[in-house]
Every structure is written in structure tokens, then in C-alpha cells.
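Only one structure is covered here, and it is reproduced in the block below.
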Amino acid sequence: MSIQQPQTQNERAYLSMMRGFQELDFRGPCVPSDLLLIGDHAFPLAMNSRGQTLIAASLYGSGRIVVLGHEGYLTAFPALIENTLTWLRGDGSENLSVGVHSKVKAVADNLSKSSFQVKVVGSLGDSQEFGVYVTDAYSVGADIKNLVAFMKAGGGVLIAGQAWHWAANSPKENTLLQFEGNKVSGVAGIYFSESRAETECLPVYPKIPSSWMAVVNGKDFEDDLEFLLAGVSEFDLQGSAVSSEILVHGSLAFPIGTTKDGQTFLAGSYYGQGRVILVSHEGFLGRQSLAPFWNNAIHWLDEGGRGDKHAKEIREFVAEGGGLLIGGHAWYWAQTHRGKNELTDFPGNKILNTMGLSLLRGTISGGLHKAPEPSQFIKDNYHFRHLLHRFAGHVAHGEKLSKHEEENLKRLGRDCSIFLHMNANECSSYTQVVSSLTDIVMKSGMPKVCDSCPVKTPKDHLLLSVATEVYKVCPNPDALLPYLIKDNPLMAVVYNHRIKIDVDTAAEEWISTGLFLSPGMKTYIAMPEEIVNKGWKIQIGCQTDRLNAGVIKRAPCVHARLSITEQMMQVWNLWGGLIYLVAPAKAKVDGLEVTVQMAVPAPYYKSGVTTLAEWSLLRTAPSPWAELEFDNIILTVPSDVVRNLERPDELAALWDEIMRSIADLAAKPHKFPRKERFVTDVQISHGLMHAGYPIMAHKATAAQLVSIAHIRGKGLWGPIHELGHNQQRGCWEFKPNTTECTCNLWSVYVHEEVFGIQRGKAHQAMALEKRNSRAKTYAEGGKKLGTWSMWVALETYMQLQDKFGWDAFKKVFDAYLKMSTAPKDNNGKMNLYAVTFSQTVGMNLSAFFKSWGWPIDAATEEKLSNLPPWSDHPMVQYG
């Protein structure tokens, strides 16, 4: 079924003003200006086939405004003017008084038989009697402040005119700021542009008109850049400050400073009658080396933060002619507000989004960046809205893209995905982009992507990224689905499936349901009241890695998460996937039930719950993904690899033994506070596998994870290595040296203690001759800690194990678990480790660790001096 989107405030306004019209015939002597719209509240009422706007409306403060692209339209459409005046006076207002400027007296004549009480005046002045005021764009000079105040206080303004003639006679003037009509309408986000609009007979659509051809850049900004960059040759952002990337998405926003890779750290924008400059770290505002630029910037702003609770006042200050210089970064906020959307929730973006700029979670490291040459920068620089416009033309009419544009398509896809997270459905510029992207996807379709058909081209990358996000936000996803998923076979389903929830979580935890949704399939889930608005989420899809590779075998993001905010929720995901409940940290519930209305059953085995008889049927369930949940680990694998698994209980026993041994070496209880998870995927974000929750691995690993014969015979070095990563602790880790080293302690231990596979057979790098060779090469090379990493570093621990056994490691790890504090720096941590291990085994190991180049200090040697020294350690032979 389709989700019916609620009608927005703008849509209701559009329908009320277009009531009774099937078409609007603009053909005639009037040559209108194309109206440029920005901000959250401006929306088109009439748009020609080239995407040029001839009539538009907006809100400002408590009031409203309608702008006509030519003064002749004030009398050409009398019924439309009446509808417009009704909307402009405001909902529920009984004030029928309309002031009409004497220059457009003909409007008053047309309204003589209407219900409005019309008065022709020479100016608005400070009159409080009118509900609506009508004027042309050329006669507002003395009334600009009064008109803005009138509108802000709740009045309605109808203004008409064109700016192309004025611009032709004032070639050196800034039309956006200096044309008189714009000093009123621009405050509300509507500008008379210097471009002429083509006239035609336009059909009146049941929805606000939109077009991919709508104006995407209101000016070329070359003169602004020349002013701002005068005497500026470079931007010195060197140092430890990490800034956020800026997304430049507004029609009147432009980048000023970018990295070589095109990331924007400095940008400007026009907003209303004011201007904005944004730098993506507040620390740069006081930097002396940037003083020449800030001097230019302040003058530029003058020509024309206080936080999100003042966002409305700041926007109005700028819109009415103020200059805003603002600095900040969003990446730290995003890291400390997991699950929050920085586009909509970060305080700075509540000010900036409407101005066409947004701070992102993506980071830019310090550096020295060359200032651009304005004319070349305008020609070559990437601009989100401009390239989207060009790409839409490429799809619709085959317009050829330049090499530079093609190279930026992947980035455009990323930026479109980010922009769509703004969820600004009341904002016309946002809905224009959604409409354009929907049109692009429907015309192009989504490229096929799979293991045997990877996506490589920038265009296909863009389509794959965009299609996923557009499907989430478009008004009718059901109509879009056939263009996106071509092969979507029907699968058998179960109805009203109940899932019992008993959880006591330490950290965020996925709860498997044993159910799957096919691509685009929708279902309702009934939730108990106890988990509504308590931080719980529904997740569809187990593959949570985001891909950012040049060649990809699936879409960059294939899972979806929704906060549980109601007792009955409808959920879906374009790519489908296994269904999970996601419990927040420190959640404790017993005996609750969740009911899933309809879903595809998955092969799902749970130790102690699923019987062998039940499994014999479940292993044939139609879902393409299966899960095996054991005491301390859950394996998510393609269903094909478990179809012939007859004894999951025997596999469970083996994995239980593996996980107990992992806990033993770590000196922890056998029951893990949260079960580990392995998820296999056609492609992962990095490496052959990577640790985390879940541990991600390639599909090829899946068959090995569920094969007792393989595990017992050949072992599982890689998977145990990743489980070892999840056991590492910062207090005894010496990053980056031991990151890929100490995790292998678990690989060696499990292979020897559980599988009976000696270390030399478990991994070829652990053969004795290779171990000895590495130690010798390291010693003869000067024992430099810079090269003490991975296999070389592991040899240090293996020599300790050869001498003292695994029990020593268990006791050392146990000692660390009991420590309340530990040093933060590697030198301090390495000395603590030397002391802890020495005291554990009752032997002074200072000389041994020094022989490996460890920075053992005099205090440590003194502390251990009463213990017998290990004088015959393996490194003695190297001097």
C-alpha cells in the first residue's frame, strides 16, 4: 500500500490561490522576470516549461507575500488576484481592508465589486488599518522598512514587477540587493532576477509545480570572490584543529575555500537582504594569518553564534540586511550524539540550512590551502545544485557532461544523499530536488549491482546512492519501486508472528526476529508500550557497512533504522533485509511481545529454543539470509550455506567451546555481556574482515563459519583474529604498533587449545623459522619501535608465552581488569605492562623488554630489582 503524505502548509496555500483555474495564459506583451526562490518558505505558483518561475509566494514573520514577475499580471488575472488577496490576509482574519498603491490603481478598479474594502494610497506609511497591501516593485523606496515590518507583524504583501530592464540600465549594480522590489520580497526569499522568463499558456497542476530546469544558481559570484579574495593568496588552516566539511546547496550560496580534493571549509551566501560567511571551525575566526581575509569578509558582510534558540532571530537579522560571520564544526557533535541527524538537529544547521549552507560530520584536517583564482574557480568548481541541474539535463536530453563534471558525479551522489536527510518537506527548494531526483531515477532506472555485476562508473555510483535515499523520502515510494528493483520474486510469508523480548543489555544490542522483508515489502509491527520512545529502534538489514569504494557490488547503504515512536509502526526498506529490534544500552525488559503483521520466515536457529525437528523445516525457509544464534555468538550467513546443515546443535557446541576459550584467555566470565555477531556480506567497507558489532566478513567466509570439518581441520585464523580485536583493551594496547598484533594471541590460543592445531600450522607466518628470522632482522636493524608491529610485535608475546605459558597471560589480563587507572601514553603503558607481567611471573623482565626496544625507565628497573632477572631470554643472542 502507498503512504499518503499529509498535505503541507504550502500545498494548501497553492490550492487555495489556484482555485477555479485550469490554466493561466501568460502569452501577451508582458516580459516577466524569472523569480529566484531561496529559503524554507518560498514556493512557486506558476512555472513555465523551462522551469522559470513567474509567480511565487512565501511567508515572513507572521505575514505572507505573493510576487508576480510583471506588474501587468496585477490586472491580467483578476480572479487570481482575488484568490491571492484572500490567502494574503491570513487564515481566520476578518480584515477585508486592502491598500493599493496609486501606481497600480487599476487593481482597485478591478476589485470594486469584490468583498474587499479597497483604498488607493500614495504609500503604506505606518498604517495599521490594512490587512493586505498591493504595490509594484518600483514604488517601494520610501516604504521598504514599513513593508517589511508590516509583513513581519502579520500583514500580506502583493508585489509585482520585473528587474531585467533595471539590471540592463544598471550593469554594475547587484540586482539581488539593490533592485527596490528585492529589498522587500528578497527578505522573504523571493527575488526578481535579471533573467527574462519565457511566456506560454500554463496548465494549473494539482500540486505545486516543480522542474529540474528551475534556476539553480542565482548569480556567478565572481565579483563576490574577487572582493573577498583581494590580497589573499592562501588559507592557513595548519595545526591540530579539525574542521567540518561544508555542504553548499543553496541557489545563492557559494564556496570560497576548498581543499585539493574539493572539500569546502569556507563558504558564503546571500540570504534575504543580508549576507553570510561560514568557516567550518570557530578557532579560525581568531587566527592572525587569516586576518586579511576576515578584513575583506567583514566589509563584504557590511555591504549588503548565539545558538539554535536564537536561530529565528538570527535568520531575520540577516534577511533584513544584516551580515553574519559564523564559525563552527559539526563532526564532534555528530560523534557525541549518535543516531542524531546533524543536518536537522545540530544547532548551527538550524540557522544555516535555510541559508543554503550546512555543516557535515565529514572532517577536514589542518593544512595550507591555496586561495582560488575567481574566474577559474567559478568555471571549474563543483557546486551541488549546478551539477545536479546539469546531470538532470544529461539524463533527460542527453546533454553532454564535461570530464570535470563526470569526475564529480560520485561526489554529487553522496551530497544528494546527505541533502535528502534534511527532510525539509515544507521547503520548496528541497521538494524541487526530491522531484528532480525522482525524475532522474525514473528515467534512468537503477543500475543492476551484484557480485557478478559490480558498479564502476561515476554515473552508476550516483544513481545507486540517490535511488536508495529518494525512495525513503519521495511522496509515493510504491510508484518508484518498479524502477528500482527489477527482479523481486514473491516469497512465502507468515502472519502475526510474535517475538518474545527478554533483555538486560550492557550496550546497544540487536535482537534477532527470524524474519525477513523482501525489497520494498512493507509490514506493520505492534510494539509494547514499554519500549515506545525509550531509545529502541527497528532495523531492517544486517549489512550495516557503508561502502565507499571505486567498484561496488551492492548499494553503499542497504540497511534502514527507525526509532520506535509508536505502538503500531509501518516499516520497509528498499533493499529489504532481516528484521531486528535494537535495544539501547542498559535496557531491561521481561516477557514483552512484539507482533509482526507479515514477513518472510528466515532459517533461524537459536540454541536451547529451536528443536532439531523445527530446524529441519526452518532451514528451507525462503529468506536469502539465515541466522544461527548460539550461547555467545550469532552468525548471519547466506541461507544456501545452512540448507544442508542437519546438526546445528553440534555446530553450537563447537562455537560455545570457542567462545569459552576466548573468555578464558581474557580472564572474563564465560557468559558474554553481549553476544558477538558475525555478518557476512558481498562486500565490506575495508579489509578481508573487520571487528566491531557486528564483525563483518565477506560471503566466502560464511561456509567456513558453519562447517565443523573445516574448523576442526583447518582452523579459523581470520575470524578468531577479529574476535580477538573485540577483546583488546586500551590500557595494555600500544597503538598503532599492537593493533594487528595482540588480537592474534586469541588466534594462537584457540587453535592450539580448542582445535589442536599448532601455531606453525595455524598460520604460515607462525612457522618457527619465520618467527626466528623476524626477531633477528628486527634486532639487527636497531630495535626501532617504529617497525615493531604486527608479526614482529607478536613475537615478543610469543617468546613470553613460550617461557611462561598461557596462564601468565590470563593472570596479567585479570590484573588489568582490577586496575582502576592506567597511563594514557605508550611509554607509560609499556612500563606498566613490564611491571605487571614481571610481578605476575615473579621474574624481572626489564632486560627482555629493553632487548625489544621498549622504553623501560629507571623507575621500572628499580621497582623490579628485587626479582630474579630473566637472563637467558631469546633475544640475548642478538646482544
Side-chain angles (χ1 to χ4, degrees), residues 10 13-14 16-19 21 23-37 41-48 51-60 63-89 98-101 103-111 116 118 124 132-140 143 147 151 155-167 175 179-202 204 208-209 214-215 428:
N10 290 352
Y14 172 78
S16 73
M17 284 185 272
M18 293 298 148
R19 187 179 68 252
F21 285 92
E23 64 180 26
L24 290 171
D25 191 351
F26 288 93
R27 294 171 297 184
C30 298
V31 180
S33 271
D34 180 13
L35 302 177
L36 172 62
L37 313 185
H41 302 301
F43 58 98
L45 297 175
M47 181 181 283
N48 67 19
Q52 295 174 309
T53 298
L54 283 72
I55 305 178
S58 187
L59 309 174
Y60 188 69
R64 302 173 174 185
I65 187 170
V66 171
V67 182
L68 310 179
H70 197 283
E71 63 274 19
Y73 298 155
L74 284 170
T75 51
F77 305 105
L80 176 64
I81 297 303
E82 283 202 44
N83 287 352
T84 298
L85 294 176
T86 300
W87 178 74
L88 284 170
R89 70 178 185 164
V98 176
V100 175
H101 193 279
K103 288 288 183 69
V104 290
K105 180 178 178 297
V107 176
D109 298 336
N110 284 350
L111 292 172
F116 292 104
V118 182
L124 173 67
V132 180
Y133 186 72
V134 183
T135 182
D136 64 31
Y138 325 112
S139 308
V140 297
D143 261 339
L147 277 165
M151 182 165 50
V157 174
L158 175 58
I159 184 169
Q162 49 81 14
W164 56 263
H165 184 265
W166 180 92
T175 307
F179 177 64
E180 284 205 342
N182 283 336
K183 293 177 182 180
V184 176
S185 65
V187 171
I190 304 175
Y191 299 88
F192 299 90
S193 82
E194 53 197 55
S195 300
R196 304 184 188 201
E198 292 190 3
T199 56
E200 54 195 87
C201 186
L202 301 181
V204 172
I208 294 173
V215 172
S428 177

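Looking only at distances, no side-chain donor or acceptor of Ser193 sits under 3.5 Å from a matching main-chain atom of Leu36. No donor-acceptor pair under 3.5 Å is formed between the side chain of Arg19 and the backbone N or O of Asn83. Remark: side-chain polar atoms of Asn48 are paired, donor with acceptor, to backbone N or O of Gln52 under 3.5 angstrom. Looking at Trp164, its side chain does come within 3.5 Å of a backbone N or O of Val31 through a donor-acceptor pair. In this structure, Tyr14 contributes its side chain and Pro44 its backbone to no donor-acceptor pair below 3.5 Å. Ser33 places a side-chain N or O within 3.5 Å of a backbone atom of Ala163 that can act as its donor or acceptor partner.
To the nearest 0.5 Å, atom CZ of residue Phe26 and atom CG of residue Leu68 are 8.0 Å apart. Taking CG of Leu124 as the start and CE of Met151 as the end, the distance is 11.0 Å to the nearest 0.5 Å. A distance of 5.0 Å separates CD1 of Ile208 from CG of Asn10, quoted to the nearest 0.5 Å. Separating the CD1 atom in Ile55 from the CE atom in Met47 is a distance of 12.0 Å, to the nearest 0.5 Å. Here the straight-line distance linking atom SG of Cys201 with atom CZ of Arg27 works out to 5.0 Å at 0.5 Å rounding. Leu85 contributes atom CG, which lies 9.5 Å from atom CG of Leu80 (distance to the nearest 0.5 angstrom).
Closest of all the heavy-atom pairs between Val140 and Gly181 is CG2-N, 4.2 Å. Here the closest non-hydrogen pair linking Ala188 and Leu59 is CB-O, 4.1 Å. Contact record, Tyr138 with Gly161: OH-CA, 3.4 Å, taken as the closest heavy-atom pair. Between Leu35 and Ala56, the shortest heavy-atom distance links the atoms CD1-N, 3.8 Å. The two residues Leu147 and Val157 come nearest to each other via the heavy atoms CD2-CG2, 4.1 Å. Taking every heavy atom of both residues into account, Trp87 and Ser58 meet most closely at CH2-O, 3.7 Å.
Identified under the side chain to side chain donor-acceptor pair (under 3.5 Å) test for residues 183-192, with sequence neighbours left out: none. Applying the salt bridge (Lys or Arg N to Asp or Glu O under 4.0 Å) definition to pairs two or more places apart or across chains, none involves residues 67-82.
Two residues are said to be in side-chain contact when any heavy atoms from C-beta on lie closer than 4.5 Å; Thr175 and Phe192 fail this criterion.
Residues that satisfy the side chain to side chain donor-acceptor pair (under 3.5 Å) test with Arg196, not counting sequence neighbours, are absent from this structure. Applying the ring pair (Phe, Tyr, Trp, His ring centres under 6.0 Å) test to Trp166 and every residue at least two apart in sequence or in another chain returns Phe179. Under the side chain to side chain donor-acceptor pair (under 3.5 Å) criterion, Arg89 pairs with no residue, sequence neighbours left out. Contacts of Ser139 classified as side chain to side chain donor-acceptor pair (under 3.5 Å), with partners at least two apart in sequence or in another chain: Asp136.
Exactly one residue among Leu158, Asp143, Val98, Val100 makes a side chain to side chain contact (heavy atoms under 4.5 Å, CB included) with Tyr133. That residue is Asp143.
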